[in-house]
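The shown structure was predicted, so the numbers you read here are calculated from the model rather than taken from an experiment. Quick note: residue numbers are just sequence positions, from 1.
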Amino acid sequence: MQFQTEKNTYKEDFRKMTEENGNSSDFSSAFNHTNTMSAILITAYSVAFAGGGIGSITMLFVLVKMNTLSVTTTAIINLVVVHSLLLFTVPFRLHYYVNKKWVFKMTLCKMVSAMVHIHMYLTFLFYVITLVIRWLIFFQWRDKVEFYRKLHAIAASAAVWVFVMVFVVPVLCFEYGRSGFYSDTTCFMFHKELQQDSVKALNYIIIVAVACITCVLLGVQIFILVKVTRKFSTSLWSHQEFWAQVKNLIFICVIIICFLPYHLFRAYYIQHISDFDQLESYNEVFLSLTALSCLDLLSFVLSGSRFFKQNVGMLRSRLSCC
């Protein structure tokens, strides 16, 4: 009788221990964003989806009317494509943040998660290409930079996308999320990869590169703006060259506002990866800022519109009179 009682007690203790381990495992893999953080993420991605969609469609109408084969136009076309690819994945993110449960396949989760990073760095690359080409023209090192045939523009764009599809996508698909076990009902929580020294080193290199390139871009653009201001001081607001440099400044402002905060926080996040539960939500919020770069096309259209320029000129005139 005593043996039977001890046996029942052992079974009960084992059952409780198993349930506690299961609960802790479920907790570690459960949706860990608070209601406030979820609201911020939903708002950020909703704004990116709406504004980016409008901007992409509007920019397509603008590009259709252009016959130029310039490198900058080709870069803008690729920018529309990469924004569109990100916007296609945004509804999956919104569904997850609203329902707090991933109901799709883990493969799709990896693709949606990786797309934010692919979008960020491709956008950054196209920004740099566009700025460098425009600066070459500004400093009169080249009168114009154009492709002589449409096939050349297609080939240059295809080269970038082939590189991404051959070297970047397979690595993300096959290596992303392989360092640990992740629950099928959660997504965007592949933090265990950051515990590898090679992954840490790669992240630090990218952080330093993005920060340094951003500083150089900002310094060169400020120098150009000062030069343009001095040259056209009397008719600055009505001069086309000034508005061209304003568009250049938009590129850099997007980098500083959307991309740089994520990379700076990323350095801190990697060093304190043990505090995962506390920092993961902040990391996701900073990552959501990168999606807001989709609003750049809308800002390009607005800054280039005649209505916008006229209103800015009228406002400046009134301020001068006062």
From CA spacing to verdict: side-chain contact (heavy atoms from CB on, under 4.5 Å), Met111, Thr89: CA-CA 9 Å; Met111 292 178 59; Thr89 66; over 6 Å; no
Evaluation steps, ring-ring contact (aromatic ring centres under 6.0 Å, His included), between Tyr268 and His272: CA-CA 6 Å; Tyr268 178 83; His272 300 81; 4.0 Å; yes
His83 and Asp296: CA distance, side-chain angles, deciding distance, side-chain contact (heavy atoms from CB on, under 4.5 Å) verdict: CA-CA 10 Å; His83 284 346; Asp296 57 357; 3.0 Å; yes
Arg93 and Glu284: CA distance, side-chain angles, deciding distance, side-chain contact (heavy atoms from CB on, under 4.5 Å) verdict: CA-CA 11 Å; Arg93 282 186 171 270; Glu284 284 295 315; 3.7 Å; yes
side-chain contact (heavy atoms from CB on, under 4.5 Å) assessment of Tyr262 paired with His117: CA-CA 11 Å; Tyr262 169 74; His117 299 278; 3.2 Å; yes
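Criterion: ILVMFWY side-chain heavy atoms under 4.5 Å apart, direct or through other members. Under it, Phe163 and Leu122 are part of a common hydrophobic cluster. Cluster annotation: Leu297 is not connected to Leu249 through the hydrophobic network of ILVMFWY side chains, with a link wherever side-chain heavy atoms come within less than 4.5 Å. Ile133 and Leu225 fall into different hydrophobic clusters, defined by Ile, Leu, Val, Met, Phe, Trp and Tyr side-chain heavy atoms under 4.5 Å apart, directly or through other members. Ile129 and Val162 end up in the same hydrophobic cluster when Ile, Leu, Val, Met, Phe, Trp and Tyr side chains are linked at under 4.5 Å. Under the 4.5 Å side-chain heavy-atom criterion for grouping Ile, Leu, Val, Met, Phe, Trp and Tyr, Leu94 is connected to Val103 within one hydrophobic cluster.
Shown here for Asn78 and Trp161, the closest heavy-atom pair between the two residues is OD1-NE1, 2.8 Å. Contact between Ser288 and Ala44 at its shortest, heavy atoms only, is OG-CB, 3.7 Å. Here the closest heavy-atom approach between residue Tyr45 and residue Ala291 is recorded as CE2-CB, 3.7 Å. Counting all heavy atoms, side chain and backbone alike, His119 lies closest to Val82 at CD2-O, 3.5 Å. Closest heavy-atom contact between Ile257 and Leu289: O-CD1, 4.3 Å. Closest non-hydrogen pair, Pro261 versus Cys258, comes out as CD-C, 4.1 Å.
Using a 4.5 Å heavy-atom cutoff, the side chains of Phe124 and Thr290 are not in contact. Between Ile252 and Leu131 the shortest side-chain heavy-atom distance falls below 4.5 Å. Considering only heavy atoms from C-beta on, Tyr269 comes within 4.5 Å of Glu280 through its side chain. The shortest side-chain heavy-atom distance between Trp102 and Phe92 falls under the 4.5 Å cut-off.
Counting heavy atoms of neighbouring residues, nucleotides and ligands inside a 6.0 Å radius, atom OH of Tyr204 exceeds 12 of them. Counting heavy atoms of neighbouring residues, nucleotides and ligands inside a 6.0 Å radius, atom CG of Asp197 does not exceed 12 of them. Under a cut-off of 6.0 angstrom, the local environment of CZ in Phe88 is sparse, with at most 12 non-hydrogen atoms contributed by other residues, nucleotides or ligands.
From Leu264, atom CG reaches atom CG of Leu260 across 4.0 Å, with rounding to the nearest 0.5 Å. Rounded to the nearest 0.5 angstrom, Leu295 CG and Ile250 CD1 are separated by 11.5 Å. Between atom CZ of residue Arg266 and atom CG of residue Asn203 there is a gap of 5.0 Å, rounded to the nearest 0.5 Å. Once rounded to the nearest 0.5 Å, the distance linking CD1 of Ile118 with CE of Met120 reads 10.5 Å. The distance from the CZ atom of Phe251 to the OG atom of Ser293 is 11.5 Å, given to the nearest 0.5 Å. Here OH of Tyr96 is found 12.0 Å from CD1 of Ile42. Values are rounded to the nearest 0.5 Å.
Although no hydrogens or angles enter the test, the distance criterion places no donor-acceptor pair under 3.5 Å between the side chain of Asn283 and the main chain of Leu279. Checked by atom type and distance alone, the side chain of Ser113 never pairs as donor or acceptor with a backbone atom of Cys109 at under 3.5 Å.
By the 30° and 60° cut-offs, the orientation of the rings of Phe286 relative to Phe265 is parallel.
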